[in-house]
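Reckoned from all heavy atoms, side chains included, excluding hydrogens, waters and symmetry mates. Remember, it's a predicted structure, so these values are computed and weren't measured experimentally. In what follows, every chain begins at residue 1, and chains take the letters A, B, ... in the order their sequences are listed.
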Amino acid sequence: MALIEIRELEKRFNDQRVLAGVNLDVEAGEIKVVMGPSGCGKSTLLRCLNRLVDPTSGTIHFDGQEVTGPMVDVRLLRQKIGFVFQQFALYRHLSVLDNVTLGLRKLQKLRKPDAEEKAMAQLERLGMAAHKDKFPAQISGGQKQRVALARALAMDPAMIVLDEPTSALDPVMCREVGELIRQLNSEGVTMLCVTHDIDLAQAISEKAVFLNQGVVSAEATFAALANHDHEATRTFFNRTKA
Amino acid sequence: MDMLGILQHLAGGVVYTVLVTLVCSLTGLAVGLSVATIRRLSGAPLRTVCDVYTYLLRGVPVLVLLFIVYFGLPGIGLKVPPLLAMALSLGLISSAYLAEIFRGALDSVDPVEVLAAQAMGMTRFQIFWHIEMPQMLRFSLPGMVNEFTSVLKYSPFAYTVGIPEITKEAITLTATTLQGAEIYLVVGILYFSIYRILLVGVRALERYFRVPGIASL
Amino acid sequence: MVNGWMAFSRDLQEQLPLVLNGLIETLNLTVAISISGLLLGVVVFYLSTCRSALIRQVTKGYISFFIGMPLIVLLFLIYYGLPQWGVRMSPFTVAFIGFTLNVAAYNAAYLTTAFNGMDATELEAAHAQGFSDGQVFRYITLPQVLRLSVPALTNQVIGNLKDSSVAFLIQYTEFFARVQELAATNFQFFKAYLFAALVYLAIVSLIVVIARMIEKRICIIG
């Protein structure tokens with residue numbers, strides 16, 4: 001059974017059907033890339049996973065458990081899904097180290113030395129140990145995204161969800177973050193990445209899921225997507241390639 | 001009497017001026033923080049109550065509220081001691097101004113950081129306590145300093161309810177020596193000095209809590 | 001309680017002319033010091049942008065001292081102190097001078113804050129075009145700075161109205177002084193002061209409404 005199983009997921013905002021019956025699986029250990037034009041519902045899909053947005057209908061099973069019902073412990077669910085944002089979303093009043101330890105101390109109730117040890121291990125892993133005492137304003141965008149990844153990983157999540165992780169970065173940093181995501185996945189971290197950056201997508205995966213007008217319209221290799229029967233899919237992958 | 005003699009006479013009042021200022025500032029801070037917190041964390045009805053509170057208290061002169069509390073309330077059976085009367089007038093009025101300062105500062109907190117904390121699994125209160133409030137306090141520092149100095153400058157009203165602070169001592173001294181000009185000049189210098197010392201203290205505090213990338217002062 | 005209210009409203013009606021007269025005095029003082037405080041504030045602000053370091057230093061000292069000194073002490077100094085040196089003035093004159101000095105310091109500080117936020121290249125451009133210092137101040141700096149400061153300046157007017165109640169402490173028979181007299185006739189202090197608070201609140205609300213209208217009309221696009 002897949003780690004995440006999304007079935008007929010639907011989300012309406014007023015009259016608008018942002019998600020119109022999405023079906024998607026994410027296997028443990030895999031990296032899944034979801035692409036699509038802006039407004040296709042990519043971000044909403046991610047936010048349904050950890051219930052930042054409540055879906056209108058459909059089901060999501062996470063590790064075999066239904067997560068859309070009212071009886072679900074949403075906060076516990078959220079602790080199991082690491083979320084990385086486009087705008088980094090580091091807490092700017094906290095140092096790099098404190099950004100990573102906050103969740104460990106306040107949510108996992110770790111003692112400060114234990115939390116710091118765990119946080120430092122992740123910062124080492126992402127090459128940010130030397131910057132542990134700096135504040136978000138003092139590091140570059142690429143470094144911020146590394147800290148955001150460390151912050152997510154430190155919580156020992158079952159998977160990491162990335163929402164346009166490179167769209168606020170310059171090309172060099174994009175590549176850097178792409179390599180990092182690939183490396184983490186090769187170390188066994190399950191990831192679901194939403195992006196419209198084809199370079200990033202191809203750097204981290206051979207395949208992509210195409211989300212268009214609220215439904216998954218294709219899932220295939222990039223070459224297959226670029227020659228897809230479905231016109232919108234073909235256009236999207238040829239345009240973004242050029 | 002020379003300036004030094006006047007200064008010696010008034011020195012006793014300094015303690016009360018500082019006491020009144022501290023009591024009213026702390027009242028303002030505690031209530032102002034509570035109002036800002038309630039306003040941020042609760043639904044529409046309570047939020048409206050908070051807005052009405054700040055609007056009313058910012059629309060009433062300090063002296064008028066002080067007189068309501070100290071001279072008015074006994075008429076309906078509530079006798080209020082002088083220092084408490086100051087806290088319930090000057091202190092509460094400053095709480096309304098501080099609540100407004102905090103409200104503005106909370107608007108400067110990046111919504112994405114709040115979302116990130118939510119995505120991490122924090123409760124609404126944890127988000128407020130660990131993310132919003134620490135940033136809010138840093139953003140509000142200049143406004144808070146203004147408000148505390150404002151409290152200091154309204155503290156002379158305490159003489160009208162019989163607290164022996166600097167101004168009260170000055171009035172008494174003027175009555176016996178008839179040297180009003182020198183006395184009030186010394187009083188002015190005294191307040192100005194307390195104000196400057198307060199500023200130095202706040203600057204030190206600000207340096208201690210300063211975080212790169214969060215502007216204040 | 002009901003008797004109390006009836007006694008209060010009866011006395012209020014009896015003394016209404018006096019109370020209204022006091023209210024007019026309050027508004028008189030508020031309007032006068034708001035205008036004089038703004039004018040002097042602009043002068044102080046102008047001097048603070050002056051090329052002479054000495055003048056800048058002096059104006060900085062002026063602003064700092066009057067912001068750091070309680071208004072009431074300034075009023076007492078002029079009202080109870082100066083007669084000792086032969087300078088005697090009416091309560092209104094004392095209040096007018098004291099408030100003006102104080103309010104001008106605040107207004108100058110607001111204008112300075114706005115000035116610091118201004119685009120420096122605009123001023124350079126104006127100088128480069130050949131405008132004199134005085135012309136740059138009149139045509140570029142002041143109009144912008146005044147507009148940017150409208151919220152702060154109107155808050156100051158509200159502050160002036162509320163602070164004008166202090167003037168009764170130097171025997172100026174403004175609104176609050178009249179309310180005191182009213183309270184003294186029937187000992188309904190609570191009701192009298194509450195009444196005063198409501199009147200202040202009403203006028204403050206009126207100023208807020210007018211200020212919003214002004215802000216809407218003169219806001220700079222962009």
Is [X] close to chain B through its backbone or its side chain, or both, or neither, when contacts mean heavy atoms under 4.5 Å?
X: C/Phe168; answer: side chain
X: C/Phe66; answer: neither
X: C/Leu194; answer: both
X: C/Ile67; answer: both

Name the region of [X], side chain, backbone, both or neither, that has any atom closer than 4.5 Å to a heavy atom of chain C.
X: B/Tyr159; answer: side chain
X: B/Tyr195; answer: side chain
X: B/Leu178; answer: backbone
X: B/Ile171; answer: side chain

**Asked** If you tally heavy-atom pairs under 4.5 Å against chain B, which of C/Leu169, C/Val166, C/Leu82 wins?
**Response**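 The answer is C/Leu169.
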
**Top contributor to chain B contacts, counting heavy-atom pairs under 4.5 Å, from C/Ala196, C/Gly81, C/Pro70** =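 Ranked by contacts with chain B, first place is C/Pro70.
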
Is any side-chain heavy atom of [Y] closer than 4.5 Å to one of [X]?
X: C/Leu74; Y: C/Phe99; result: no
X: C/Phe45; Y: C/Val145; result: yes
X: C/Glu174; Y: C/Leu29; result: no

Expected output: side-chain [X] to main-chain [Y] donor-acceptor under 3.5 Å:
X: C/Ser64; Y: C/Gly61; value: no
X: B/Thr17; Y: B/Ile166; value: yes
X: C/Ser90; Y: C/Thr93; value: yes
X: C/Lys162; Y: B/Arg58; value: yes
X: C/Gln84; Y: B/Ala181; value: yes
X: C/Gln156; Y: C/Gly159; value: no

**Prompt:** Does the ring center of C/Tyr193 lie less than 6.0 Å from the ring center of C/Phe176?
**Reply:**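 Yes, the ring of C/Tyr193 comes within the 6.0 Å limit of the ring of C/Phe176, centre to centre.
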
**Item:** Cation over ring face, C/Lys60 and C/Phe65, 6.0 Å, 45°
**Value:**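 No - C/Lys60 does not lie over the ring of C/Phe65 by the 6.0 Å and 45° rule.
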
**Message:** I need the contact set between residues 16-27 of chain C and chain B: heavy-atom distance under 4.5 Å, sorted by residue number.
**Reply:**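 Answer by number: none.
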
**Request:** Grab the two heavy atoms, one from B/Phe148 and one from B/Leu29, that are nearest each other, plus how far apart they are.
**Result:**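 Closest heavy-atom pair between B/Phe148 and B/Leu29: CZ-CD1, 4.0 Å.
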
**Prompt:** Distance only, no hydrogens: is a donor on one side chain within 3.5 Å (strictly under) of an acceptor on the other, for B/Thr167 and B/Tyr191?
**Reply:**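 Checked: B/Thr167/B/Tyr191 side chains pair up, N/O donor to acceptor below 3.5 Å.
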
**Message:** Side chains of B/Tyr55 and C/Ser205 only: does a donor on one sit below 3.5 Å from an acceptor on the other?
**Reply:**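 Judged by distance alone, the side chains do pair up.
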
**Prompt:** For chain C, which residues from residues 150-158 of chain B have at least one heavy atom closer than 4.5 Å to it?
**Reply:**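 If one takes a 4.5 Å heavy-atom cut-off, the residues of residues 150-158 of chain B near chain C are B/Lys153, B/Tyr154, B/Pro156, B/Phe157.
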
**Request:** Select, from B/Pro61, B/Ser193, B/Gly188, B/Pro74, the one with the greatest count of heavy-atom pairs under 4.5 Å involving chain C.
**Result:**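 Option with the top pair count is B/Pro61.
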
**Prompt:** When you check the gap from the basic side-chain N to the acidic O, do B/Arg103 and B/Glu100 get nearer than 4.0 Å?
**Reply:**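 Yes.
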
